Number of protein chains: 2
Amino acid sequence: MSKTKILLAEDEPALGQIIKESLETRDFNVLLCSDGEKAMHTYQSDAPELLVLDVMMPKKDGFTLAKEIRAFDDTIPIIFLTAKSQTQDVVEGFTIGGNDYLKKPFSMEELIVRINNLLNRTRIQKTSEILHIGAYTFDFPKQRLNFNNTSEQLTHREAHLLFHLIKNKNQVLDRSLILNKLWGNDDFFSARSMDVFITKLRKKLNKDNSIQILNVRGFGYKLIC
Amino acid sequence: MSKTKILLAEDEPALGQIIKESLETRDFNVLLCSDGEKAMHTYQSDAPELLVLDVMMPKKDGFTLAKEIRAFDDTIPIIFLTAKSQTQDVVEGFTIGGNDYLKKPFSMEELIVRINNLLNRTRIQKTSEILHIGAYTFDFPKQRLNFNNTSEQLTHREAHLLFHLIKNKNQVLDRSLILNKLWGNDDFFSARSMDVFITKLRKKLNKDNSIQILNVRGFGYKLIC
DNA sequence: CTAATCGGTTAACACTAGTTAACACTAGTT
DNA sequence: AACTAGTGTTAACTAGTGTTAACCGATTAG
């Protein structure tokens with residue numbers, strides 16, 4: 001099994017080198033980038049498994065970079081390195097979907113512990129990312145809905161909505177929760193858009209009629225299977 | 001309650017033994033078979049609750065075995081262990097109706113997570129609450145009221161009200177209790193709304209005239225059946 | 001016996017959700 | 001650049017759900 005690739009974006013050369021070498025003694029393959037733009041390129045060419053991003057960087061700061069990368073992969077674990085200790089920064093990091101942050105100065109041990117935690121967590125998650133609903137199986141990362149020998153590609157929206165329905169199956173999935181999570185707001189138009197997607201999913205799930213998406217008026221939807 | 005029986009088919013003795021012992025520490029009863037034919041016999045004689053099948057096995061490979069077992073039981077969860085990482089294999093596993101697959105090498109944690117996921121899923125299905133009232137059956141999770149060969153979808157409110165009536169059948173169900181539970185308050189309007197629902201349920205239950213929803217003036221309702 | 005109250009029933013209503021299609025926009029292809 | 005296909009949003013219309021109102025009968029307290 002090959003080494004785990006970690007992308008490290010850190011503009012201060014000395015610190016970057018120290019972290020890189022420390023991680024390499026722990027058998028990680030570290031891709032060191034000195035600014036946000038280089039990091040973006042390396043991310044796209046080398047497909048690392050985890051990101052360690054300095055927040056304060058030239059060209060492109062860590063948060064912006066994370067936002068852009070999240071457009072491609074919304075599960076990859078990200079650790080932010082921040083000199084500022086303000087809570088505001090931390091909050092921003094998390095809302096982008098960052099998984100952890102580390103305040104400078106930090107010990108190498110701290111960083112390694114967090115890296116291992118995140119890797120374990122996401123690997124366990126990935127192993128259970130093939131979901132089952134009635135006679136269907138749903139491969140969330142691939143966005144494929146399988147039934148017997150047929151397989152159908154879902155769109156990003158369809159897949160995420162279905163994912164949450166399955167994760168909350170046999171219980172009510174709150175409308176406004178899902179609207180905020182997937183659409184980013186809870187207004188009239190997003191709600192109607194969501195209704196359209198529910199219709200689509202119902203059609204795609206109608207091969208097994210033990211599966212139903214029930215509406216709970218005013219609250220949300222319940223996937224029964 | 002007895003231990004959950006898991007059939008493990010793995011031809012490599014050392015690996016088979018490791019998996020068996022690991023699962024036994026988690027309180028599973030593991031039936032280890034060294035090839036596909038033995039696994040088939042064990043399946044028929046011991047009725048395990050879940051299958052973990054190596055794909056590459058002598059005598060009979062995992063996919064063929066799964067196909068044959070699916071002829072007897074098309075709901076038993078199956079986890080395939082595969083050394084090959086090719087997508088083709090995975091697809092074939094799913095088209096047989098297999099529920100999950102695991103690429104070697106895998107961690108024991110991964111396997112255990114998947115086993116528990118699959119077991120929970122099938123067990124939840126089996127314990128779904130189907131209630132009986134006279135000649136009707138009422139599937140509460142699906143909100144369906146069945147009579148002979150007809151089936152009717154109930155709304156969320158209807159279903160919950162009926163559920164409580166059935167749970168308290170042949171005894172008085174307190175008005176204010178149900179109002180607080182379903183409507184969240186006990187005011188005039190909610191009470192009148194509830195009356196409307198009682199009327200609706202009476203209509204929907206009138207195919208079996210041994211069933212009656214009786215009013216106990218000032219106290220509540222009593223479902224007789 | 002009568003008035004007051006409670007519950008039964010039906011229909012009108014407001015609101016929510018379902019469905020379909022048109023549309024704008026993006027991305028991929030020729 | 002033009003064409004095509006796909007995705008998600010918006011719009012328009014329809015259907016369904018639950019609340020409220022109105023009217024009625026039944027029961028009970030005075």
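Quick note: numbers below take in every heavy atom, side chains included, and nothing from hydrogens, waters or symmetry partners. This structure is a prediction, so every number in the text was calculated from the model and none was measured. Each chain gets a letter, A, B and so on, in the order the sequences are listed, and its residues count up from 1.
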Q.
Any heavy-atom pair between the side chains of B/Asn185 and B/Leu179 that's under 4.5 Å?
A. no
Q: Establish, with yes or no, whether the OP1 or OP2 oxygen of D/dA21 is under 4.0 angstrom from a side-chain nitrogen or oxygen of B/Arg192.
A: no
(Q) Closer than 4.0 angstrom, basic N to acidic O: yes or no for A/Asp195 and A/Arg175? (A) yes
Q: Mind calculating the distance between OH (A/Tyr221) and C1' (D/dT17) to the nearest angstrom?
A: 13 Å
Q. Which one, C/dT5, C/dG8, C/dT16, comes nearest to the side chain of B/Arg217?
A. C/dT5
Q) Parallel under 30°, tilted from 30 to 60°, perpendicular over 60°: which one fits the rings of A/Tyr136 and A/Phe147? A) tilted
Q | Phosphate-side-chain proximity, B/Trp183 and D/dG18, N/O vs OP1/OP2 below 4.0 Å | A | no
Q) So, is B/Lys203 near the phosphate of C/dT10, with a side-chain N or O under 4.0 Å from OP1 or OP2? A) yes
(Q) Is there a side-chain contact between A/Arg175 and the phosphate of C/dT16, meaning an N or O under 4.0 Å from OP1 or OP2? (A) no
Q.
Under 4.0 Å from OP1 or OP2 of D/dG18: is there any side-chain N or O of B/Ser193 that close?
A. no
Q: Would you sort out whether A/Lys38 and A/Ser34 count as a side-chain hydrogen bond (donor to acceptor under 3.5 Å, both in side chains), showing the intermediate values?
A: CA-CA 7 Å; A/Lys38 286 180 190 159; A/Ser34 56; 3.2 Å; yes
Q | D/dT19 OP1/OP2 closer than 4.0 Å to side-chain N/O of B/Arg157 | A | yes
Q. Of the nucleotides D/dT20, C/dT5, C/dG18, which has the atom closest to the A/Asp195 side chain?
A. C/dG18
**Q.** Pair A/Lys204 + A/Glu152, salt bridge at N-O below 4.0 Å
**A.** yes
(Q) Measuring to OP1 and OP2 of C/dT9, would you say a side-chain N or O of B/Thr199 lies under 4.0 angstrom away? (A) yes
Q: Consider the side chain of B/Val196, meaning its heavy atoms from C-beta on, and name the nucleotide among C/dA17, D/dT19, D/dG8 that approaches it most closely.
A: D/dT19
Q: Give the stems involving DNA chain C, where a stem is 3 or more consecutive Watson-Crick or G-U wobble pairs (i with j, i+1 with j-1, and so on) under 3.5 Å.
A: C:1-30 with D:1-30
(Q) Within the 4.5 Å heavy-atom criterion, are A/Glu10 and A/Leu81 side-chain neighbours or not? (A) yes
